[in-house]
**Q** 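Quick one: the structure is below, and I'll ask about it shortly.
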There are 2 protein chains.
Amino acid sequence: MAQTDTVTRILDTAEVLFAERGFAETSLRTITSKARVNLAAVNYHFGSKKALIQAVFARYLDPFTVRFHHALDELEAQHAGGVIPLEVLLETMARTVLDVPAERHSLKVFMKLLGLAYSQAQGHLRRYIQEEYGSVFSRFTELVRLATPDLPDSERFWRLHFVLGTVIFTLSGLDALRDIAEKDYQEHVTVRDLIRRLRPVVVAAMNAPLPPPPMPKAEAS
Amino acid sequence: MAQTDTVTRILDTAEVLFAERGFAETSLRTITSKARVNLAAVNYHFGSKKALIQAVFARYLDPFTVRFHHALDELEAQHAGGVIPLEVLLETMARTVLDVPAERHSLKVFMKLLGLAYSQAQGHLRRYIQEEYGSVFSRFTELVRLATPDLPDSERFWRLHFVLGTVIFTLSGLDALRDIAEKDYQEHVTVRDLIRRLRPVVVAAMNAPLPPPPMPKAEAS
DNA sequence: TCCCGCTGGAAACGAGTGTTTAAAACATTA
DNA sequence: TAATGTTTTAAACACTCGTTTCCAGCGGGA
């Protein structure tokens, strides 16, 4: 009990501080003092700051991957043999992303962390996520491939990252944007509200007409 | 000549290091040693590290804003009195963004910096950019408003940030994505190539059907 | 009772940070 | 040439950082 308490208190404190300020800008002393835990506890329980960062992600991504795999299992069973429509796939992913952090505090923290993982250099984090959780994403993209047979492979690859960028960028920068939106339009925006607005945009983006073929340079390449 | 040389050498070195590793992860000693300049030169010429970061941005954003204002002036003159089509507005913005860093090294650095500015906490940077360059963006959004009269104001606000997220996210993470894309699809992707793919997606996203009205909660709010 | 493997706590370590200082070198003008 | 203002230099300052060390307290097994 005592051990668990210290570990989770570190994780709880670290994840919100990381989300607010970034990894390099958050010192272990800030974390441990705000968590009312000894400074050495981080290195004792996690080994290093890098390992702590990865543990913070694992606490979100591990439940996410098992839930997402289960959800895809059900989907494949329902549409046995046939293709799963794109809207259903996107909807399932959105629901899973929403469900995981709902148990804990906030989706906001999770999204901000994802945004940081992509933008902060932090090479080790990117590698860790890629190696540890790349398989779920591969399974998902394969299902998307079946759902959009008319899209060239490379085009689908890029469009998936386009919409990934939209979602992560918007949801991770939500606080700042919400301030502007509330001031200008007097409406309070929730995360679920944003997802509602995101849905038709994402679908339209995936189904957009193909771009014109690249114009070859006049000179030699 | 000597002063200019030192200042620009610092800026040239700093911008690529910042883009590669982030702001907090790049020390002044790394910058000055790689630029073969004395450590104190940064504080002498710029005053502080924060000021250096802002100067790096100003060197891109200052030319961008004057070019963009000029481009919008021409557009308004051509469509005197009438509305400028959305595609033309987006096209003009894309062209301006492409033109500015073309003179120097790379659009890649500029995009990566923009991505960092949004994701890294670095509150001072966000404020600086907002206060210094917010007016061009306001002018642009007003023109977009005229071009999309059927879109509710708040919906247009969010969609603009959706596509902003797509562009910045994709172009700032280009290197990592390009590695995957080249391995999987054996095609080398240039920035101009990405913009070509981005165009129809962005247009489709802006023109997507409106989302269903928010479902009021069953219970009281 | 002694011993043992864990966990918590205070202090220190060494490295690295941004910034400042004061003197030297340079360039410019009188 | 001499004096002036500007730029460069090396050294130090005052921290903060992640990590390590060493010891006190705790539990249960022999």
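Order of the sequence lines fixes the chain letters, A, B, ..., with proteins taken first and strands second; residue numbering starts at 1 for each chain.
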**Q** Please confirm whether the shortest side-chain N or O distance from B/H45 to OP1 or OP2 of D/dT8 is below 4.0 Å.
**A**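 So the side chain of B/H45 is within the cut-off, an N or O lying under 4.0 Å from OP1 or OP2 of D/dT8.
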
**Q** Do side-chain atoms of B/K49 reach the backbone of B/F23 as a donor and acceptor pair under 3.5 angstrom?
**A**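 At least one qualifying donor-acceptor pair exists.
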
**Q** OP1, OP2 of C/dT17 versus side-chain N and O of B/S27: anything below 4.0 Å?
**A**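 Yes, B/S27 has a side-chain N/O under 4.0 Å of OP1/OP2 on C/dT17.
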
**Q** Less than 4.5 Å apart, any side-chain heavy atom of A/D153 and any of A/R156?
**A**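 Sidechains of A/R156 and A/D153: in contact.
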
**Q** Are B/F157 and B/H161, when compared by the centres of their aromatic rings, separated by less than 6.0 Å?
**A**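 Aromatic pair counts; centres sit under 6.0 Å.
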
**Q** Side chain of A/T6: nearest nucleotide among C/dG8, D/dT19, C/dT19?
**A**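 Selected nucleotide (nearest to the side chain): C/dG8.
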
**Q** In this structure, is the centre-to-centre distance between the rings of B/Y60 and B/F110 below 6.0 Å?
**A**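 Ring centroids of B/F110 and B/Y60 are less than 6.0 Å from each other.
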
**Q** Any donor-acceptor pair under 3.5 Å linking the side chain of A/R67 with the backbone of A/T96?
**A**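 No, A/R67 side chain to A/T96 backbone: no donor-acceptor pair under 3.5 Å.
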
**Q** Rounded to the nearest Å, what distance is computed from the CG atom of residue A/L28 to the P atom of nucleotide C/dA12?
**A**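 Atom-to-atom, A/L28 to C/dA12, this comes out as 20 Å.
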
**Q** Enumerate the protein-to-nucleotides 21-26 of chain D contacts in which both atoms are nitrogen or oxygen and the separation is below 3.5 Å.
**A**
none

**Q** Tell me yes or no: between the side chains of A/R197 and B/S154, is some donor less than 3.5 Å from an acceptor?
**A**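 Side chains of A/R197 and B/S154: pair found under 3.5 Å.
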
**Q** Look at B/N43 and C/dT19 and indicate whether a side-chain polar atom (N or O) is within less than 4.0 Å of OP1 or OP2.
**A**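 Yes.
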
**Q** Would you please classify the geometry between the A/F64 ring and the A/F68 ring as parallel, tilted or perpendicular, with 30° and 60° separating the classes?
**A**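 Parallel.
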
**Q** Is there a residue in residues 30-38 of chain B whose heavy atoms reach under 4.0 Å of DNA chain C, and which residues are they?
**A**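 Those residues: none at all.
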
**Q** With A/Y133, which residues qualify under side chain to side chain donor-acceptor pair (under 3.5 Å), at least two apart?
**A**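 For A/Y133, the residues satisfying side chain to side chain donor-acceptor pair (under 3.5 Å) (neighbours in sequence not counted) are A/D62.
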
